[in-house]
Structure formats: structure tokens, C-alpha cells
Amino acid sequence: MNQAGFLTVEEVAQNLKVTRQTVSKYIKTKELNAIKMNKSYRIAFNDFEKFINNNSIVGEPKIAYLKKSKNCLLDYPNKMDEFEIRNSYSKGTLKLVEKQHNLRDNIFVFGDNLFVLKSLLDTHYGKIDLVYIDPPFATGRDFNTIDDHSAYSDKLIDNEFLEFIRKRLILLRDLLSENGSIYLHIDKKIGHYVKIIMDEVFGYNNYINDITRIKCNPKNFARNAYGNYSDMVLFYAKNRDKNIWNEVKEKMLEDKRKQLFPKKHPKLGYYTTNPIHAPGKTIDGDTGKKWKGLLPPKGRHWRYSRKVLTELDNKGLIEWSSTGNPRKIVWASEHKGFKIQDVWEFKDKGLSYVEYPTQKNFDFLERIIRNSSNEDSIVLDCFAGSGSTLKIAEKLNRKWIGVDNSTHSYSVIKKSFKKDSIKCNFYEYMSLT
Ligand SMILES: C[S@@+](CC[C@H](N)C(=O)[O-])C[C@H]1O[C@@H](n2cnc3c(N)ncnc32)[C@H](O)[C@@H]1O
């Protein structure tokens, strides 16, 4: 700020990552209040904040973000400003081509997702609880099926790819509900740039996790490099701490069960035992006194009051060793599962086992949908491919919307939905020009 409390047009442009001309346009259209000082415009800081609030979907966090993150935005040629992205693409119509039910959702739209998302804003602004997308990864190659049928092309690279993603993310943010979240699947070559784009669009404060997904078996290639057997999933909320979160747990597998609950009761199943005392001495309290003729070991106290210990013992939940040492019984059947961490192993099937190249693992999608949506939620995948996300959303009784612009995706989805008796209304995007 060159004068206390005021910003120059240049500074506003830098903050918003738009051109000076765009800022002048905001001033001309009176969207942004400005004062003329020595022949040039100045914008009072309060007016600037008001402008951001009026134009921001995320409200306060965006201001904090803009103030904080001025220096870590990606800059590249032909980066459009948000205002232009929101306003420069005309909307077409979604033409119903096959009707299989009377619901508003559970639809697939064939078309370029930029235009389709724009059209969906009319009907679904702020209504989508979960977005999962698995876009092309800027690999520079084409993807074909096992029998060499062309599925989709992944030829956009560098800044063109980043801008392609950014435009869609801006529209997706508008479609997300206040409790919504987005998972973006990407590889580790371009993924870190996409993270910065997502910070810009959703706000650094709304970043939740960067999940490492183990995607295949270890690789044994000749290159002088570590084997790359993982990709990444970037997880953001529309509003941090308001996002739907169902705390799905990871089930205990047999290996872990053997390790953690090695003992077996003939009738009641597997269990382990834990000490009933903990570090720390009680001077006068109940937990420092004799229970069943025993004092807690030196420097320790009973974990429970003596009344509770007696209750546990009466219920058969205390195991006494042959030397008279009591320990609490914990049953494997009561284990609630493990907190899910940020490394997930869900390998994809090889090309010869899937309907569509790069088709994602169903169990992996199920974890995301269970955790971040509810039964009345709408799940959106606008890079739908084989329709895997839509199928799992259907299985879990969510509503869903799929979009893809590949004719092969369109026909694979039609065929596999028919096979699985999934009812879907099919639309095609029609441009108005
Ligand atoms: C990596 S694949 C998605 C695979 C999918 N997750 C699955 O499990 O089958 C990427 C998909 O994005 C689609 N796609 C690429 N650009 C698109 C665009 N502009 N509009 C709509 N779909 C697009 C491609 O046709 C392709 O099907």
C-alpha cells in the first residue's frame, strides 16, 4: 500500500491476479468503489474487502487467503482471470436423448465439461456435496482400449493443461455445496502444480489431505530412479470443518488381528489383555488404594476406580494370571477399526480386465464416497470415463451426475449401466451458436 489505507489499481490487480484493464472495468461498472487521487484511482482497503466479499463464494477465508498467498500463486501465459472464466463462455443446452427415470439427477451428459458445468450452474449451483475427478494427467499421449479402440486423448501439457484444470475447478467450486468437498486424482509429475492451482481456487485453508494412492505392484524398471507405484489425490473442502465427514474406519485384517488379539477364548473369540494400572502415583485417592488385596505397582495407580474394577471382574473382563496379576480383557469383536491414514493401497486392474483405460479401483471410490457424502448427496464426476464413480455412488444410494466427452466413454457407460440395471437419463450438450 503506497498511501495509508489505500491500494493502487496495480496492487488490486496483483492481489486478484487479474489485469489492470479488468480492475478498471470493475471500477467503471461500479462493482469496485474507487477514489481519484492525483489523477489516478485509489481503492480504500475496506472497499477492496467489500468487493472480495461480494464476489467470493467462500467469504472470509478467501480474504485471508488472498492476503496470505500473494506470493505463491502460479503465473503462466494466457492465464484468464476468474471473472472472464465465469462470464466468457456462453451456455448451451442439455438435450435429453434417452429417458429412463423421472428424477432430476442420476444423469450422464456427453460433452465438454467446461460447457456442461457452466450449464449445470443454472440447476445445481451450491448443490453438489462431492466431486471426484480423475482428469487426464498431462502425459502427452493417447489412451486406447486393449483392442486398440481410441478412448481419449491426453495431449494438453504444461500451462495449457493447468489452465484447462483451473477453469473447470472454478466452476466446480461454484457447484459445490457449503458442506461439499472435492477429490482430484493426479500423478506426481504435474500434481504439485495442480496443488497450487487448487490452493488458489479453493483456498489454502480448505486443503485437507494429499493422499498417496498405491496404484500397482512395485516396478522393476531399468531407469536410474526409484520405482513409481503411487499417484496422488488432492482433497479440499469448500469450507474447512464444514465438510461432510463420516469417519469411515479401516477394517482390521487377519494379520493385524493375529498381532493385536492373539489369545482365544473357547466361546467368546479372540482377545488381548491390557494392564489395569498406569504411570503416576495417587497420594490419597481411591485409585492408589488396595484392590482385592493388591496395591498398584510402585509409581503407578489403578486405571479405574476400585468400584469399576470390581464390576469388570464380576463381568469376567479381568484375566488373572497364574501368579495373580490382573489384566483387562479387550475383545477383537469390539474393535472399531483403524483411523484411515493418508497412504491408501487400492491397485487398479490391468487393461485387459477393465472396460476403459485408466478405470479406477471400485473400493477406492467407495471409501471416498462413503466418507465425504451422505445418502441424499449428489456426487459429480465430470471426467467420468467408464462411469466407475457413478456406479459406486448408485450402489451407495447417492444421487449422481457424470460428464465425459469421449464417444467411447459414452458407449461403455451405456452398456455397463444396462448390464447392471442402473437407470440413467442421457443428455448431450448442444451449443447455442
Ligand atoms: C483418466 S480418465 C477417467 C477414468 C475414470 N475415472 C474411470 O474410473 O473410468 C479421464 C476422462 O476424462 C475425459 N475428458 C477429458 N477431457 C474432457 C473434457 N474436456 N470434458 C469431458 N471429459 C473429458 C476423457 O474422455 C476420459 O474419459
Side-chain angles (χ1 to χ4, degrees), residues 85 89 92 94 107-120 130-146 149-157 160-172 175 182-187 189-191 194 213 215-216 231-234 346-351 353-369 379-395 400-417 420 422 426-429 431:
I85 291 170
Y89 298 103
L94 305 186
I107 63 172
F108 174 80
V109 188
F110 173 64
D112 185 327
N113 49 19
L114 182 67
F115 304 108
V116 177
L117 294 177
K118 194 90 200 258
S119 296
L120 285 174
L130 173 63
V131 172
Y132 167 81
I133 51 170
D134 171 29
F137 289 181
T139 57
R141 54 175 276 228
D142 291 323
F143 284 84
N144 296 346
T145 61
I146 189 83
H149 198 109
S150 157
Y152 68 96
S153 163
D154 181 9
K155 287 286 169 75
L156 281 184
I157 55 164
E160 284 185 6
F161 174 79
L162 294 174
E163 188 62 355
F164 165 89
I165 292 292
R166 180 172 160 266
K167 284 178 185 166
R168 280 136 186 102
L169 290 177
I170 287 169
L171 301 178
L172 286 169
L175 286 166
I182 175 165
Y183 291 72
L184 184 148
H185 208 140
I186 197 76
D187 75 6
K189 253 186 175 165
I190 192 84
V194 176
R213 200 257 324 203
K215 60 179 178 175
C216 59
D231 50 23
M232 65 203 279
V233 182
L234 297 165
F346 287 108
K347 294 172 188 164
D348 292 330
K349 288 184 183 156
L351 198 54
Y353 300 96
V354 291
E355 295 160 311
Y356 198 78
T358 67
Q359 181 174 313
K360 294 297 171 290
N361 181 302
F362 286 3
D363 295 333
F364 156 79
L365 294 167
E366 182 159 338
R367 173 178 285 181
I368 291 175
I369 296 173
V379 177
L380 170 69
D381 181 351
C382 61
F383 292 92
S386 61
S388 48
T389 312
L390 318 178
K391 280 190 188 178
I392 304 301
E394 167 80 12
K395 174 183 157 191
W400 43 267
I401 298 176
V403 186
D404 206 292
N405 66 350
S406 146
T407 48
H408 191 59
S409 150
Y410 195 8
S411 64
V412 163
I413 287 181
K414 272 198 160 174
K415 214 163 102 193
S416 84
F417 280 16
D420 293 350
I422 297 176
F426 290 92
Y427 289 82
E428 288 178 16
Y429 174 81
S431 154

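Order of appearance sets the numbers: ligands from 1, and atoms from 1 within every ligand. Just so you know, residue 1 is the first one in the sequence shown, and it goes up from there. This one's a predicted model, so the numbers in the text were calculated from it and none came from an experiment. Hydrogens, waters and symmetry mates play no part in the numbers below; they use all other heavy atoms, side chains included.
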F364 six-ring face occupied by R367 cation (under 6.0 Å, within 45°): no
Atoms of ligand 1 close to C382 [distance to a heavy atom under 4.0 angstrom, numbered from 1]: 21 (C), 22 (N)
Heavy atom of A384, distance to ligand 1 below 4.0 Å: yes
I368 side chain near L130 side chain, heavy-atom distance below 4.5 Å: yes
R168 and ligand 1 - part of the residue with a heavy-atom distance under 4.0 Å: side chain
Under 3.5 Å: N/O of Q359 near N/O of ligand 1: no
Residues S416 and Y356: side-chain donor-acceptor under 3.5 angstrom: no
Nearest candidate to atom 7 (C) of ligand 1, where distance is taken over non-hydrogen atoms, out of S388, P136, S153, G387: S388
Nearest atoms (heavy-atom pairs only) where L184 meets P135: CG-CD, 4.5 Å
Nearest protein heavy atom with distance in Å, relative to atom 20 (N) of ligand 1: N113 N, 2.9 Å
Trace of the side-chain contact (heavy atoms from CB on, under 4.5 Å) decision for R213 with D348: CA-CA 10 Å; R213 200 257 324 203; D348 292 330; 2.8 Å; yes
Working for side-chain contact (heavy atoms from CB on, under 4.5 Å), residues K395 and D420: CA-CA 10 Å; K395 174 183 157 191; D420 293 350; over 6 Å; no
Y410 and F108 aromatic centres sub-6.0 Å: yes
Flag side-chain contact, heavy atom, 4.5 Å: L172 against L380: yes
Atom 23 (C) of ligand 1: nearest protein contact (heavy atom, Å): N405 OD1, 3.1 Å
Which of the ligand 1 atoms, numbered from 1, are nearer than 4.0 Å to a heavy atom of K360: 6 (N), 7 (C), 8 (O)
Which segment of Y152 sits under 4.0 Å of ligand 1 when only heavy atoms are counted: side chain
Ligand 1-proximal atoms of A151, by part, heavy-atom distance under 4.0 Å: neither
Side-chain donor-acceptor contact under 3.5 Å, Y132 with H185: yes
Atom 12 (O) of ligand 1: nearest protein contact (heavy atom, Å): F383 CD2, 3.3 Å
Ligand 1 N/O within reach of Y356 N/O, cut-off under 3.5 Å: yes
Side chain, backbone, both or neither: F164 near ligand 1, heavy atoms under 4.0 Å: side chain
Chi angles and distances behind the side-chain contact (heavy atoms from CB on, under 4.5 Å) call for V116, C382: CA-CA 9 Å; V116 177; C382 61; over 6 Å; no
Nearest option to atom 9 (O) of ligand 1, as decided by whichever heavy atom of S406, G385, S409, S386 sits closest: S386
Where ligand 1 meets G111 - atom numbers and elements under 4.0 angstrom, heavy-atom basis: 20 (N), 21 (C)
Protein heavy-atom partner closest to atom 2 (S) of ligand 1 - residue, atom, separation in Å: T358 OG1, 3.4 Å
Heteroatom distance test (D134, ligand 1): nitrogen or oxygen, under 3.5 angstrom: yes
Audit row: I369, T389, side-chain contact (heavy atoms from CB on, under 4.5 Å) steps and yes/no: CA-CA 8 Å; I369 296 173; T389 312; 4.2 Å; yes
Protein contact of atom 11 (C) of ligand 1 - nearest heavy atom, named by residue and atom, plus distance: D404 OD2, 3.6 Å
